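Please read the structure below before turning to the comments.
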Amino acid sequence: MLTISYLRNNTDEAIQRLQIKNIDARDSISAILNLDDKRKAAQTTLDNCLAALNNYSKEIGILMKQGKADESAQAKQKAAELSDESKVLRNNLVDIEKQIDELIVKLPNVPHISVPKGRTPEDNVVVRSGGQMPVLPENAKPHWDLITQYDIIDFELGNKLTGAGFPVYKGKGAKLQRALISFFLDNAIDAGYREVIPPLLVNEASGFGTGQLPDKEGQMYHATADNYYLIPTAEVPVTNIFRDEIVAGAQLPIKYTAYTPCFRREAGAWGRDVRGLNRLHQFDKVEIVQVANPEGSYDRLEEMVSHVESIVQKLGLPYRILKLCGGDMSFTSSLTYDFEVYSAAQQRWLEVSSVSNFETFQANRLKLRYRDEATKKSALAHTLNGSALALPRIVAAILENNQTDKGIKIPEILVPYTRFEYIN
RNA sequence: GGAGAGAUGGCAGAGUGGUCGAUUGCGGCGGUCUUGAAAACCGUUGAGGCUGUGAGGCCUCCGGGGGUUCGAAUCCCUCUCUCUCCGCCA
């Protein structure tokens, strides 16, 4: 959620930056600012009323102590009137605040000034690419055939146990999952991230804090008996660790990593490009999260991009890094880089990571602040996160790109984790 | 699930209707003393909002929400959580 002070002090800039996301926010921003003026006036009126009321109450208290109860009658009468008045004024203030809230919650985050304008994924900009495109034999198979051939991932069985999009990993398929998770976590830990294992269900406040609620309610599985939500990404519980916190400026940046399964209903997204591992309802992911000082947050973002890039390189996968255009960015992001790996048998790029800076957008909802050393003042921190990495499409790419006559060759760097060199 | 107790400032812990945003201790910060440090002593030390050029003034917040009252940390209702005992259980 954007702050009113930002909208007030940088009105033109906010309108311009929101245009990058193809949003004309002129009307709603001016409505918000008008309401905020009304809010301030209402606040002042209420405060004055309460101050007068408090004075009468103190006076009554003193008279009572002196045993002059009879003399307090007139003050009581006055105070009662002020008390009634304050209730009306408070309702008015609450009503105005509600109106502001309704408008401001609907405004998406302002994109970074460098974000390209655009509407569709075609307008995303390739920042750089790397890795070797594999040359596959004539009879190369897509991963959904390979997993059946080697009996390592079983969709039919998952379908029996739960439903579509919940595969069962078997044998070397299961072990490959575990190997990748450990490999990703070790890389993150070596890069200075602290590992946490968060809950996989979160409450409403957490869902609101990172921006899943109320808008994207339909994307999460909801355990209605207890009103908990299954996490769509570790970003939700890990970022919410800092909800309602004021951290010391000297601690920044704070870097956390977590492996979790992720649960997504993918309502409305089903039907296209969903074969095999391309889109699942439950998948594994290692997430990296940073809480940063506003001054340095874009350096942190670049650091996270480099971190993800190094992992993809170590796995020997052909990749490219995209800077998302305004139209393809998420509601909460200021700047997002997507990582895609090339899946040779499908002959298409698969998104495996998304690394974003949210600036103060999430922090404002979370009330996540840091205390500046010099000024001793608290201010909203910046939050960032990224996948490092999401497993299924990485697995798909490894399977397809590394298929040989002898079976599927495990990337060198993973062998210490898998303790086998081929899936055959 | 049953019974009981509790939730107060960074922490510990007072406060059971009235000048209480809250005694006190620890911790933190500043100072005196010291070559330096420790000890001792003195001072200071929550968050947010409104207002003012500023100094300052005012308002709200004692787990969340609601109520009683001129006035609530304190009384009532409700929810959540924690602890103890019992039951069940990985």
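Note that these values count all heavy atoms, side chains included, but never hydrogens, waters or copies made by symmetry. This is a predicted model, so every value here is computed, not measured. Chain letters run A, B, ... following the sequence lines, proteins first, then strands; residues in each count from 1.
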- Item | Any A:Ser206 side-chain heavy atom under 4.5 Å of A:Tyr229 side chain | no
- Nearest 0.5 Å, what's the CD-OG1 distance between A:Glu287 and A:Thr233? 4.0 Å
- Query: Could you give the CD-to-P distance, from A:Gln77 to B:C70, as a whole number of Å?
  - Reply: 10 Å
- Between atom CG of A:Leu368 and atom CD of A:Glu245, what is the distance when rounded to the nearest 0.5 Å? 8.5 Å
Pull out every protein N or O sitting under 3.5 Å from an N or O of nucleotides 80-82 of chain B, one pair per line with the distance.
none

- Kindly check if the number of other-residue, nucleotide or ligand heavy atoms within 6.0 Å of CZ (A:Phe283) is above 12? yes
For nucleotides 48-52 of chain B, which of its nitrogen or oxygen atoms have a protein nitrogen or oxygen under 3.5 Å away, and what is each distance?
| residue | atom | partner | partner atom | Å |
| --- | --- | --- | --- | --- |
| B:G48 | OP1 | A:Arg369 | NH1 | 3.2 |
| B:G48 | OP1 | A:Ser378 | OG | 2.7 |
| B:G49 | O3' | A:Arg39 | NH2 | 3.0 |
| B:G49 | O2' | A:Gln43 | NE2 | 3.1 |
| B:G49 | N2 | A:Asp47 | OD2 | 3.0 |
| B:C50 | OP1 | A:Arg39 | NH2 | 3.1 |
| B:C50 | O2' | A:Thr44 | OG1 | 2.5 |

- Message: I'd like the C1' distance from B:G30 over to B:U23, given in whole Å.
- Response: 24 Å
- Specify the separation, in whole Å, of atom CG of A:Asp244 and atom P of B:G63. 15 Å
- So how far is it from A:Asn187 CG to A:Leu315 CG, rounded to the nearest 0.5 Å? 8.5 Å
- Message: So for atom CG, which belongs to A:Leu161, do other residues, nucleotides or ligands contribute more than 12 heavy atoms lying within a distance under 6.0 Å?
- Response: yes
- Task: Determine the Euclidean distance between corresponding C1' atoms of B:U80 and B:C20; express it in Å to zero decimal places.
- Result: 27 Å
- Task: Scan A:Leu46 against the nucleic acid and name what it touches under 4.0 Å (heavy atoms): base, sugar-phosphate only, or nothing.
- Result: nothing
- Query: With rounding to whole Å, what would you report as the distance between B:U68 and B:G17 at their C1' atoms?
  - Reply: 11 Å
Short N/O separations, protein against nucleotides 14-18 of chain B, under 3.5 angstrom:
| residue | atom | partner | partner atom | Å |
| --- | --- | --- | --- | --- |
| B:G18 | N2 | A:Ser57 | O | 2.9 |

- Message: Would you say A:Asn54 places a side-chain N or O within less than 4.0 Å of OP1 or OP2 belonging to B:G71?
- Response: no
- Item | Shortest non-hydrogen separation from A:Ala345 to A:Lys141 and the atoms involved | CB-O, 3.2 Å
- Message: Given 3.5 Å as the limit, does a donor-acceptor pair link the side chain of A:Thr11 with the main chain of A:Leu7, or not?
- Response: yes
- A:Glu13 atom CD: more than 12 heavy-atom contacts under 6.0 Å: yes
- Pairwise P distance, B:C86 and B:C70 [rounded to whole Å]: 48 Å
- Check every strand shown and say whether A:Asn48 touches a base, only sugar-phosphate, or nothing at a heavy-atom separation below 4.0 Å. nothing
- Watson-Crick and G-U pairing of RNA chain B written in dot-bracket, each distance under 3.5 angstrom, with | for inter-strand partners: ((((((((.[[[..)..(.....]]]((((((.......))))))((((((....)))))).[[[[[..)....]]]]])))))))....
- Message: Would you say CG of A:Asp27 has more than 12 non-hydrogen atoms from neighbouring residues, nucleotides or ligands within 6.0 angstrom?
- Response: no
- Task: Taking atom P in both B:G25 and B:G13, compute the distance separating them and give it to the nearest angstrom.
- Result: 16 Å
- Task: Determine the interatomic distance between C1' on B:G9 and the same-named atom on B:C26; round to the nearest Å.
- Result: 13 Å
- Item | Over 12 foreign heavy atoms within 6.0 Å of CD, A:Glu421 | no
- With a cut-off of 6.0 Å (strictly less than), are more than 12 heavy atoms of other residues, nucleotides or ligands near OH of A:Tyr228? no
- Query: For A:Phe208, is the NZ or CZ atom of A:Arg365 found under 6.0 angstrom from the centre of its six-membered ring and inside 45 degrees of the ring axis?
  - Reply: yes
Output side-chain donor-acceptor pairs under 3.5 Å for residues 91-100 of chain A, partner residues at least two apart or in another chain, one line each.
| residue | atom | partner | partner atom | Å |
| --- | --- | --- | --- | --- |
| A:Asn91 | ND2 | A:Lys87 | O | 3.4 |
| A:Asp95 | OD2 | A:Gln99 | NE2 | 3.1 |

- Message: I'd like to know if the side chain of A:Asp123 reaches the main chain of A:Gly118, judged simply by a donor and an acceptor atom lying under 3.5 Å from each other, with no hydrogens or angles considered.
- Response: no
- Task: Sticking with atom P, work out how far B:A14 lies from B:G6, rounded to a whole angstrom.
- Result: 12 Å
- Message: With the threshold set at under 4.0 Å for non-hydrogen atoms, list the residues of residues 79-104 of chain A touching RNA chain B in residue-number order.
- Response: A:Ala79, A:Ala80, A:Ser83
- Message: When the C1' atoms of B:G46 and B:G21 are compared, how many Å lie between them, rounded to an integer?
- Response: 9 Å
- Tell me, please, whether A:Phe420 has A:Lys172 positioned over its six-membered ring: NZ or CZ under 6.0 Å from the ring centre and within 45 degrees of its axis? yes
- Task: May I ask you to decide if A:Pro111's main-chain N or O and A:Arg17's side chain share a donor-acceptor pair within less than 3.5 Å?
- Result: yes
